[in-house]
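All remarks here apply to the structure that follows.
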Amino acid sequence: MRQKQSTKQTQPETNLPWEGNTTNLHRQETIAILLLGSGGRESAMAYNIAKSKRCARLYIAPGNAGTETYGINIPDLDPKDFPAIADFVLDQQIDLLVTGPEEPLVLGIADYFASRPDLAHVAVVGPGQDGARLEGSKDFSKAFMQRHDIPTARYQSFMAKEKDEACAFIESLCPPYVLKADGLAAGKGVEILETEQEAKDSLLAMLGGKFGVAGDTVLIEEFLSGIECSVFAATDGQDYCLLPVAKDYKRIGDGDTGPNTGGMGSVSPVYFADKAFMDKVEERIVRPTIHGLASEGISYKGFIFFGLMNVKGDPYVIEYNCRLGDPETESVLPRIKSDFVDLLLAIALGKVADYPMEIDERAVTSVMLVSGGYPGDYTKGITMDLPEPPEDIMLFHAGTRWADNHVVTNGGRVLAVSAYGKTVEEALGKSYEIAKQVLFEGKNYRHDIGRDLIE
Ligand code: AMP
Ligand code: GLY
């Protein structure tokens, strides 16, 4: 990182894409950035931010043992404590606030910053509470898709007082049955059931409080059969640019078996997301979503994650998220060659149309190393032995922390090994080679990440 340089009103024009804008931030050569979060996604974001010529200072709150490589951790700063974040931003003269996880966004961090005149000079990446409902409420997002003719599975939503109607709707569908809690449920709110009876039992459990208030409303959805991929758009609410497409692997076991996890690995690019498919994605999904948000008066400055199902060449939306994906980000961001801080500023300052997105042609694959027992119970605080990989392999820490000068495990998903390769196959070879060299008791990982994407 470079030292912050002084900025004068008379500073000569630069060649920045948004040359000519009148705010100081556009003219500043380097800026101070606060990134909120502590997972593998935030490690990859910190890696790209620290590489930027525009980054003078980077703080990560709370961060993990790995993010210290890229900036300064602020372990006691809670991403949900907005007044404390505001104090830090003012004290440290932060120019740009970037939120990694969904929770602060769904709780309204962008609205909080917008509501305080003393923070008006801070550029903020991430939607307000209204836009974050794309992720925070599945009922909202499905109704939004219907309003804007965006392809998605047929569904109906029900509350506890509508149990009979909900059971009748289940009877009208063919198995398997997809049930979704409306609100945030730590990634566990979706259940896919094989029989009508299991679906009804699961429905009653959800409406009965299995996921707390997140399940006050439950969606019952038609099952879509196909192959999934994750598409990311960076938008300032008017224009957008797409990031490299990725695929993630959610289940714990090889061959997509066992319970769902926060994500066991990811791969980018995805061969079936070719031009013909992506043209459909942009025309039928990305553009209608961004125009739909604008037409409903929702000012969305941030990333939109489109979880898609490719059904015989046609894309359908499985879910929206109001942030980058994890562990997709660990494969997507290393493929962005253009300046990432410029992209973040373009989002916050309404200049995405001018952003010169440049993608690395190489593939990147990420293998997630997890604690023994995860996604069930697991032990934290296990000492890790980390190799020093070559430059084209990155160790993106997720659940780690420092303890007595040692890196120790501090979560279920511990570390992503991300590697470049000329092909997906070559990248996977490197990810797996280093995955073997990372040592900690109980280490577990999937052995088949990306296997289905090797042509
Ligand atoms: P979500 O949290 O909405 O992304 O759902 C979690 C996972 O459940 C998705 O990644 C899909 O694998 C699966 N899923 C969700 N909705 C459907 C659907 N309508 N048809 C088939 N699979 C689905
Ligand atoms: N990888 C899926 C997610 O981030 O929600």
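Ligands are counted one by one from 1 in listed order, and the atoms in each one are counted from 1 as well.
Under 4.0 Å from ligand 1, the heavy atoms of Lys250 that appear belong solely to its side chain. Heavy atoms of Asn260 found under 4.0 angstrom from ligand 1: none, in either backbone or side chain. Looking at Glu328 against ligand 2, only its side chain comes within 4.0 Å, counting heavy atoms.
Near Asn321, meaning under 4.0 Å from one of its heavy atoms, ligand 2 places the atoms 5 (O). For ligand 1 and Phe223, the ligand atoms under 4.0 Å from any heavy atom of the residue are 20 (N), 21 (C), 22 (N). Near Gly325, meaning under 4.0 Å from one of its heavy atoms, ligand 2 places the atoms 4 (O).
What sits closest to atom 9 (C) of ligand 1 on the protein, heavy atoms only, is Glu228 OE1, 3.5 Å. In this structure, atom 20 (N) of ligand 1 lies nearest to the protein heavy atom Leu224 N, 2.8 Å. Nearest non-hydrogen protein atom to atom 16 (N) of ligand 1 is Lys180 NZ, 3.0 Å. Atom 8 (O) of ligand 1 has Val190 CG1, 3.6 Å as its closest protein atom, hydrogens excluded (heavy atom only). When hydrogens are left out, the protein atom nearest atom 19 (N) of ligand 1 is Glu221 OE2, 2.7 Å; that is the closest non-hydrogen contact. In terms of protein heavy atoms, atom 2 (C) of ligand 2 is closest to Asp248 OD2, 3.5 Å. In terms of protein heavy atoms, atom 17 (C) of ligand 1 is closest to Ile318 CD1, 3.6 Å.
Salt-bridge formation is detected for the pair Lys247/Asp452: a Lys NZ or Arg NE/NH1/NH2 atom is positioned less than 4.0 Å from an Asp or Glu carboxylate oxygen.
At least one heavy atom of Ile192 sits closer than 4.0 Å to an atom of ligand 1. Judged by the shortest distance from any of its heavy atoms, Arg323 lies inside the 4.0 Å radius around the atoms of ligand 2.
Between Asp326 and ligand 2, at least one pair of N/O atoms sits closer than 3.5 Å.
Both cation-pi conditions hold for Arg133 and Phe140: the charged atom is under 6.0 angstrom from the six-membered ring centre and inside a 45 degree cone around its axis.
Ring pair Phe305/Phe232: centre-to-centre distance below 6.0 Å.
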Report task. Show the numbers, then the answer: is there a side chain to side chain donor-acceptor pair (under 3.5 Å) between Tyr240 and Arg287? Result -> CA-CA 8 Å; Tyr240 68 90; Arg287 282 200 281 272; 3.0 Å; yes
**Report entry** From CA spacing to verdict: side chain to side chain donor-acceptor pair (under 3.5 Å), Ser266, Glu328
**Finding:** CA-CA 5 Å; Ser266 63; Glu328 289 94 329; over 6 Å; no
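Between the side chain of Asn64 and the backbone N or O of Thr400, no donor-acceptor pair lies under 3.5 Å. For the pair Arg413 (side chain) and Gly40 (backbone), a donor-acceptor distance under 3.5 Å is absent. The closest donor-acceptor contact from the side chain of Asp448 to the backbone of Arg451 lies at 3.5 Å or more, if one exists at all. The backbone N or O of Gly381 sits less than 3.5 Å from a side-chain atom of Thr409, completing a donor-acceptor pair.
There is no side-chain donor-acceptor pair under 3.5 Å between Thr67 and Ser43.
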